[in-house]
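Being a predicted model, the structure only gives us computed values, none of them experimental.
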Amino acid sequence: MATQTSAQRRREEALAYQEFVRTCPTARLLDRIADKWVTLVLEALSDGSRRYAEVSRAVPGASQKMLTQTLRQLERDGLVARQVTPSVPVRVDYRLTELGISLLPVVRAIKGWADSHFEQIEAARASYDAGRAEGAPAPSDRPAEVRAHLVGSGVS
(Lines give C-alpha, C1' and ligand atoms only; values in the text may rest on other atoms or scores of the structure.)
Protein backbone atom coordinates (compact mmCIF):
# COMPACT_ATOMS: atom_id res chain seq x y z
CA MET A 1 0.00 0.00 0.00
CA ALA A 2 1.41 3.38 -1.03
CA THR A 3 1.91 6.05 1.57
CA GLN A 4 -0.27 9.13 1.17
CA THR A 5 0.22 12.64 2.40
CA SER A 6 -2.56 14.05 4.55
CA ALA A 7 -3.56 16.34 1.67
CA GLN A 8 -3.86 13.37 -0.69
CA ARG A 9 -5.90 11.45 1.88
CA ARG A 10 -8.24 14.43 2.43
CA ARG A 11 -8.67 14.83 -1.33
CA GLU A 12 -9.46 11.12 -1.71
CA GLU A 13 -11.98 11.28 1.16
CA ALA A 14 -13.59 14.39 -0.34
CA LEU A 15 -13.97 12.68 -3.71
CA ALA A 16 -15.47 9.58 -2.07
CA TYR A 17 -17.95 11.74 -0.15
CA GLN A 18 -18.91 13.67 -3.30
CA GLU A 19 -19.58 10.39 -5.08
CA PHE A 20 -21.67 9.18 -2.13
CA VAL A 21 -23.78 12.37 -2.17
CA ARG A 22 -24.16 12.19 -5.96
CA THR A 23 -25.53 8.65 -5.81
CA CYS A 24 -27.34 8.78 -2.45
CA PRO A 25 -31.07 8.18 -3.10
CA THR A 26 -32.12 10.41 -0.19
CA ALA A 27 -29.94 13.30 -1.34
CA ARG A 28 -31.25 12.97 -4.89
CA LEU A 29 -34.86 12.91 -3.69
CA LEU A 30 -34.35 15.92 -1.40
CA ASP A 31 -32.73 17.76 -4.29
CA ARG A 32 -35.85 17.09 -6.41
CA ILE A 33 -38.30 18.09 -3.67
CA ALA A 34 -36.37 21.28 -2.91
CA ASP A 35 -36.81 22.58 -6.46
CA LYS A 36 -39.01 25.69 -6.40
CA TRP A 37 -41.08 24.55 -9.39
CA VAL A 38 -41.82 21.22 -7.71
CA THR A 39 -43.23 22.86 -4.60
CA LEU A 40 -45.33 25.27 -6.68
CA VAL A 41 -46.69 22.46 -8.87
CA LEU A 42 -47.51 20.32 -5.84
CA GLU A 43 -49.42 23.21 -4.31
CA ALA A 44 -51.18 23.94 -7.61
CA LEU A 45 -52.41 20.33 -7.76
CA SER A 46 -53.38 20.17 -4.08
CA ASP A 47 -57.01 21.06 -4.83
CA GLY A 48 -57.47 18.26 -7.33
CA SER A 49 -56.99 17.38 -10.95
CA ARG A 50 -56.00 20.17 -13.36
CA ARG A 51 -55.33 20.50 -17.05
CA TYR A 52 -51.90 21.64 -18.19
CA ALA A 53 -53.08 25.20 -18.92
CA GLU A 54 -54.59 25.46 -15.43
CA VAL A 55 -51.35 24.30 -13.84
CA SER A 56 -49.47 26.79 -16.00
CA ARG A 57 -51.68 29.67 -14.80
CA ALA A 58 -51.27 28.55 -11.19
CA VAL A 59 -47.46 28.51 -11.47
CA PRO A 60 -46.56 31.98 -12.72
CA GLY A 61 -43.07 32.42 -14.09
CA ALA A 62 -42.55 28.80 -15.13
CA SER A 63 -41.76 28.46 -18.81
CA GLN A 64 -43.58 25.80 -20.80
CA LYS A 65 -40.36 23.77 -20.98
CA MET A 66 -39.73 24.00 -17.22
CA LEU A 67 -43.31 23.14 -16.33
CA THR A 68 -43.34 20.16 -18.70
CA GLN A 69 -40.02 18.89 -17.30
CA THR A 70 -41.23 19.30 -13.73
CA LEU A 71 -44.49 17.47 -14.38
CA ARG A 72 -42.62 14.63 -16.11
CA GLN A 73 -40.16 14.32 -13.22
CA LEU A 74 -42.99 14.29 -10.69
CA GLU A 75 -44.81 11.67 -12.74
CA ARG A 76 -41.63 9.57 -12.92
CA ASP A 77 -41.21 9.85 -9.14
CA GLY A 78 -44.79 8.73 -8.57
CA LEU A 79 -45.94 12.03 -7.06
CA VAL A 80 -48.16 13.09 -9.98
CA ALA A 81 -50.42 11.04 -12.26
CA ARG A 82 -51.10 12.06 -15.84
CA GLN A 83 -54.36 11.07 -17.53
CA VAL A 84 -54.88 11.47 -21.26
CA THR A 85 -58.47 11.60 -22.51
CA PRO A 86 -58.75 11.00 -26.26
CA SER A 87 -60.74 13.86 -27.70
CA VAL A 88 -60.25 16.72 -30.13
CA PRO A 89 -58.15 18.37 -28.87
CA VAL A 90 -56.61 15.74 -26.59
CA ARG A 91 -57.30 16.44 -22.93
CA VAL A 92 -54.46 15.89 -20.45
CA ASP A 93 -55.12 16.13 -16.72
CA TYR A 94 -52.64 16.00 -13.86
CA ARG A 95 -53.38 15.07 -10.26
CA LEU A 96 -51.42 14.24 -7.16
CA THR A 97 -51.05 10.58 -6.30
CA GLU A 98 -51.40 9.35 -2.72
CA LEU A 99 -47.62 9.67 -2.45
CA GLY A 100 -47.80 13.27 -3.69
CA ILE A 101 -50.61 14.06 -1.25
CA SER A 102 -48.50 12.65 1.59
CA LEU A 103 -45.76 15.16 0.72
CA LEU A 104 -48.06 18.22 0.96
CA PRO A 105 -47.89 18.62 4.78
CA VAL A 106 -44.08 18.67 4.61
CA VAL A 107 -44.02 21.25 1.82
CA ARG A 108 -46.60 23.38 3.63
CA ALA A 109 -44.68 23.17 6.91
CA ILE A 110 -41.50 24.41 5.21
CA LYS A 111 -43.43 27.20 3.50
CA GLY A 112 -45.03 28.16 6.82
CA TRP A 113 -41.65 28.24 8.51
CA ALA A 114 -40.25 30.42 5.71
CA ASP A 115 -43.24 32.79 5.94
CA SER A 116 -42.78 33.07 9.72
CA HIS A 117 -39.03 33.64 9.64
CA PHE A 118 -38.20 35.47 6.41
CA GLU A 119 -37.75 38.81 8.25
CA GLN A 120 -35.23 37.22 10.62
CA ILE A 121 -33.40 35.62 7.71
CA GLU A 122 -33.28 38.92 5.81
CA ALA A 123 -31.97 40.71 8.93
CA ALA A 124 -29.30 38.02 9.44
CA ARG A 125 -28.26 38.29 5.79
CA ALA A 126 -28.02 42.08 5.99
CA SER A 127 -25.97 41.84 9.19
CA TYR A 128 -23.69 39.22 7.69
CA ASP A 129 -23.19 41.18 4.47
CA ALA A 130 -22.47 44.38 6.41
CA GLY A 131 -19.97 42.53 8.60
CA ARG A 132 -18.25 41.02 5.58
CA ALA A 133 -17.87 44.47 4.08
CA GLU A 134 -16.24 45.66 7.32
CA GLY A 135 -13.91 42.66 7.66
CA ALA A 136 -15.88 40.69 10.26
CA PRO A 137 -14.53 37.35 11.49
CA ALA A 138 -14.81 34.36 9.20
CA PRO A 139 -17.38 31.62 9.97
CA SER A 140 -14.59 29.61 11.67
CA ASP A 141 -14.37 32.46 14.20
CA ARG A 142 -17.96 31.90 15.35
CA PRO A 143 -18.63 31.89 19.10
CA ALA A 144 -17.93 28.52 20.76
CA GLU A 145 -21.62 27.83 21.52
CA VAL A 146 -22.54 28.35 17.85
CA ARG A 147 -19.70 26.09 16.69
CA ALA A 148 -20.77 23.41 19.20
CA HIS A 149 -24.36 23.55 17.96
CA LEU A 150 -23.28 23.34 14.32
CA VAL A 151 -20.91 20.44 14.97
CA GLY A 152 -23.62 18.62 16.96
CA SER A 153 -26.07 19.03 14.09
CA GLY A 154 -23.60 17.78 11.50
CA VAL A 155 -22.93 21.22 9.98
CA SER A 156 -19.46 22.77 10.03
Student check: side-chain heavy atoms of R32 and R28 closer than 4.5 Å: no
Note, R82 side chain near L71 side chain (heavy atom, < 4.5 Å): no
Trace of the side-chain contact (heavy atoms from CB on, under 4.5 Å) decision for Q8 with E12: CA-CA 6 Å; Q8 289 170 326; E12 190 174 290; over 6 Å; no
Identify the heavy atoms of [X] and [Y] that sit nearest to each other, and give their distance.
{"X": "S102", "Y": "P105", "value": "O-CD, 3.4 Å"}
{"X": "D77", "Y": "L99", "value": "O-CD2, 3.8 Å"}
{"X": "L104", "Y": "S46", "value": "CD1-CB, 3.6 Å"}
{"X": "L67", "Y": "A62", "value": "CB-CB, 4.4 Å"}
{"X": "V59", "Y": "A44", "value": "CG2-CB, 4.1 Å"}

Could you tell me the separation between the [atom1] atom of [X] and the [atom2] atom of [Y], rounded to the nearest 0.5 Å?
{"X": "D115", "Y": "I110", "atom1": "CG", "atom2": "CD1", "answer": "12.0 Å"}
{"X": "S6", "Y": "E13", "atom1": "OG", "atom2": "CD", "answer": "10.0 Å"}
{"X": "T3", "Y": "R9", "atom1": "OG1", "atom2": "CZ", "answer": "12.0 Å"}
{"X": "L29", "Y": "L79", "atom1": "CG", "atom2": "CG", "answer": "7.5 Å"}
{"X": "R10", "Y": "Q4", "atom1": "CZ", "atom2": "CD", "answer": "11.5 Å"}
{"X": "Q73", "Y": "T68", "atom1": "CD", "atom2": "OG1", "answer": "11.0 Å"}

Within 6.0 Å of CD in E98, more than 12 heavy atoms from elsewhere: no
E19, CD: over 12 other non-hydrogen atoms inside 6.0 angstrom: yes
Salt bridge present between R125 and D129 (N-O < 4.0 angstrom):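 Salt bridge between R125 and D129, a charged N being under 4.0 Å from a carboxylate O: no.
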Side-chain ion pair, D93 and R91, N-O less than 4.0 Å: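 Judged by the 4.0 Å cut-off on N to carboxylate O distance, D93 and R91 do form a salt bridge.
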side-chain contact (heavy atoms from CB on, under 4.5 Å) partner of V38, chosen from L42, L40, V41: L42
Side-chain donor/acceptor of S127 to backbone N/O of A124, under 3.5 Å: no
Y52 side chain vs Y94 backbone, donor-acceptor pair below 3.5 Å: no
Identified salt bridge (Lys or Arg N to Asp or Glu O under 4.0 Å) counterpart of E43 within the set K111, K36, R108, R50: R108
hydrophobic_cluster_shared for V90 and V80, side chain cutoff 4.5 Å: yes
Partner residues of S63 under the side-chain contact (heavy atoms from CB on, under 4.5 Å) criterion, sequence neighbours left out: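 Listed in chain order: K65, M66.
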By salt bridge (Lys or Arg N to Asp or Glu O under 4.0 Å) - contacts of D35 (at least two apart):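 Counting only residues at least two positions away or on another chain, D35 forms no salt bridge (Lys or Arg N to Asp or Glu O under 4.0 Å).
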Shared-cluster residues of I121, by chain and number - hydrophobic side chains joined below 4.5 Å: W113
